[in-house]
Amino acid sequence: MVWTSRPVNQITGTLRAPGDKSCSHRALILSGLATGTSEISGLLEGDDVLNTGRVMAALGASVERIGEERWRVEGVGARGLQSPSVDLDFGNSGTGSRLMLGVVAGYPVTARFIGDASLSGRPMGRVLDPLSEMGVTYDASAGKTLPLLLTGRADLQAISYQPPHASAQVKSCLLFAGLNADGRTEITESRITRDHSERMLRGFGADVNSRRDGAANTVSIQGGQSLFAQETTVPGDPSSAAFLAAAAMISPRGGVLVEGLMSNETRDGFYRAAAMMGAPVGAEDVGTAAGERLIDMSFESADLNGAEIPIDLVPSMIDEFPILAVIAAFATGTTVVKGASELRVKESDRIKAIVAMLQVNGVRIEETEDGFIIEGGGGAVPGGGLVETHHDHRIAMSALIMGTAAQAPVSIDDATMIATSYPDFMTHVTALGADISNTAQ
Ligand code: S3P
């Protein structure tokens with residue numbers, strides 16, 4: 001079904017950010033592994049996270065919804081995971097599937113991992129290769145993809161590993177496997193990626209060592225540690241809030257306050273890039289949650305200038321390139337993104353999807369091997385296009401935000417997948433003043 005976003009004069013209001021997707025997955029996983037009964041509040045109830053909850057239940061944890069965004073999880077503790085009687089279905093979620101491959105690896109359990117068409121095309125070799133070095137065996141589809149059958153083992157061996165790609169999913173997968181391995185598992189990443197697994201593992205009682213050396217980061221975990229039940233409040237998601245922030249920046253009259261956002265240098269690249277481009281961004285400390293700092297952030301209309309995005313910012317804004325492309329389309333001058341070839345293996349080939357999204361709306365953009373170059377419209381974006389989302393939630397939300405300030409409406413071919421990461425997106429942006437509706441096609 002086609003959805004259309006029409007230009008509006010203002011985007012204003014105050015909203016609480018939805019729970020962070022990365023932290024929500026991790027809270028369910030660690031609560032499910034711990035000894036005792038954990039409670040989670042502010043859980044993102046998006047499809048990706050709910051699938052992780054169902055998977056933990058299939059492996060023996062008890063996972064129960066006790067209120068709005070509130071969940072109770074009785075962990076498997078010392079008894080460990082049990083072999084599931086059903087396939088483990090991760091839907092659209094690369095994070096859920098890759099993290100859980102690491103979890104299952106450390107138990108003598110056989111499980112079949114499956115997902116939707118998009119997930120079944122995404123590379124799993126990046127986690128299967130190091131996991132096989134640790135002793136795991138698997139039978140995967142061609143090109144090391146899902147569906148795949150994984151057999152974990154109780155005598156997993158610790159390894160030292162340098163992932164070829166900057167990936168928090170790979171790091172987290174190996175940390176979770178390392179929790180049950182013999183010896184100390186060590187991962188050295190050339191650029192630090194999101195560190196929520198490290199923080200949350202510590203919160204659940206594990207000893208995790210982190211060491212920075214310039215841009216590089218080494219983390220290690222000793223096998224055989226136990227986790228203990230916790231109460232976790234999930235902080236607000238800076239990736240979801242980026243859509244609200246962008247809507248305010250490109251609006252003729254924008255003024256948005258987002259409350260309870262996680263502030264973490266491994267996630268704030270979009271906000272730093274937007275500030276470099278001239279967006280006034282306000283931030284006020286309001287406390288902590290799940291080992292993370294919390295802030296309220298304010299955004300307003302801005303005369304943006306194009307910028308060359310520093311390569312060092314790429315890992316900390318890896319999910320925000322579709323919405324960065326939208327603000328760059330409204331900016332004056334050229335925006336250059338390099339060193340972002342990982343975008344080719346996200347929920348879609350995001351470089352191609354971003355290029356097509358802008359071109360069909362009259363914006364000049366050039367595709368490069370590892371990024372793109374945008375000639376901004378100096379405040380004016382023609383719009384009027386129908387964007388192919390390729391079943392990618394972040395392309396869908398970015399295109400709808402572009403429509404709020406373009407000269408003509410912007411449509412997308414499908415909006416159902418937005419529920420994977422931000423089920424309240426339509427309600428939130430409409431509350432801020434967006435005019436979005438479904439139009440039969
Ligand atoms: C995530 C890591 C990132 C990110 C994804 C969430 C995580 O993927 O794109 O949306 O929660 O660990 P990579 O690790 O592949 O970069």
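These numbers come from a predicted model, not from an experiment. Along the sequence shown, residues are numbered consecutively beginning with 1. For ligands, and for the atoms within them, numbers begin at 1 and follow the listed sequence.
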Could you establish whether Arg26 and ligand 1 come within less than 4.0 Å of each other, counting only heavy atoms on the residue side?
-> yes
What pairs meet the salt bridge (charged side-chain N to carboxylate O under 4.0 Å, His left out) rule with one or both residues in residues 139-154, with sequence neighbours excluded?
-> Asp129-Lys144, Arg153-Asp155
Counting heavy atoms not belonging to Glu198, are there more than 12 under 6.0 Å from its CD?
-> yes
Please test Ser167 against Arg98 for side chain to side chain contact (heavy atoms under 4.5 Å, CB included), starting from the C-alpha separation and ending with a verdict.
-> CA-CA 11 Å; Ser167 167; Arg98 293 188 179 125; 5.8 Å; no
Heavy-atom count around Asp285 CG within 6.0 Å, excluding the residue itself: above 12?
-> yes
Short N-O contact, Arg194 and Asp319, less than 4.0 angstrom | yes
Within the 4.0 Å heavy-atom cut-off, what His25 brings close to ligand 1 is neither
Flag Leu99 as yes when one of its N or O atoms lies below 3.5 Å from any N or O atom of ligand 1, and as no otherwise.
-> no
Does the Asp20 side chain pair with the main chain of Cys23, one donor and one acceptor, at a distance under 3.5 Å?
-> yes
Within-cut-off N or O pair, Ser167 and ligand 1, under 3.5 Å = yes
Atom 10 (O) of ligand 1 sits nearest the protein heavy atom Asp319 OD2, 2.7 Å
Counting both backbone and side chain atoms, is some N or O of Ser22 under 3.5 Å from an N or O of ligand 1?
-> yes
Apply the test side chain to side chain contact (heavy atoms under 4.5 Å, CB included) to residues Arg122 and Val345: give CA-CA distance (whole Å), side-chain angles for both, the deciding distance (0.1 Å), then the verdict.
-> CA-CA 6 Å; Arg122 295 182 65 186; Val345 289; 5.6 Å; no
Identify, for atom 6 (C) of ligand 1, the protein heavy atom at the shortest distance, and state residue, atom and that distance.
-> Thr95 OG1, 3.2 Å
Residue pairs meeting side chain to side chain donor-acceptor pair (under 3.5 Å), one or both in residues 239-248, sequence neighbours left out, come to Ser239-Arg267, Ser239-Glu320
Provide, to 0.1 Å, the distance between atom 13 (P) of ligand 1 and the closest protein heavy atom, together with that atom's residue and name.
-> Lys346 NZ, 3.4 Å
Should one rank Gln169, Arg126, Glu189 by closest heavy-atom distance to atom 2 (C) of ligand 1, which comes out on top?
-> Gln169
With backbone taken as N, CA, C and O and side chain as the heavy atoms from C-beta onward, which portion of Arg194 lies under 4.0 Å from ligand 1: side chain, backbone, both, or neither?
-> side chain
Identify, by atom number and element, the atoms of ligand 1 in contact range of Ile318, meaning under 4.0 Å from any of its heavy atoms.
-> 9 (O)
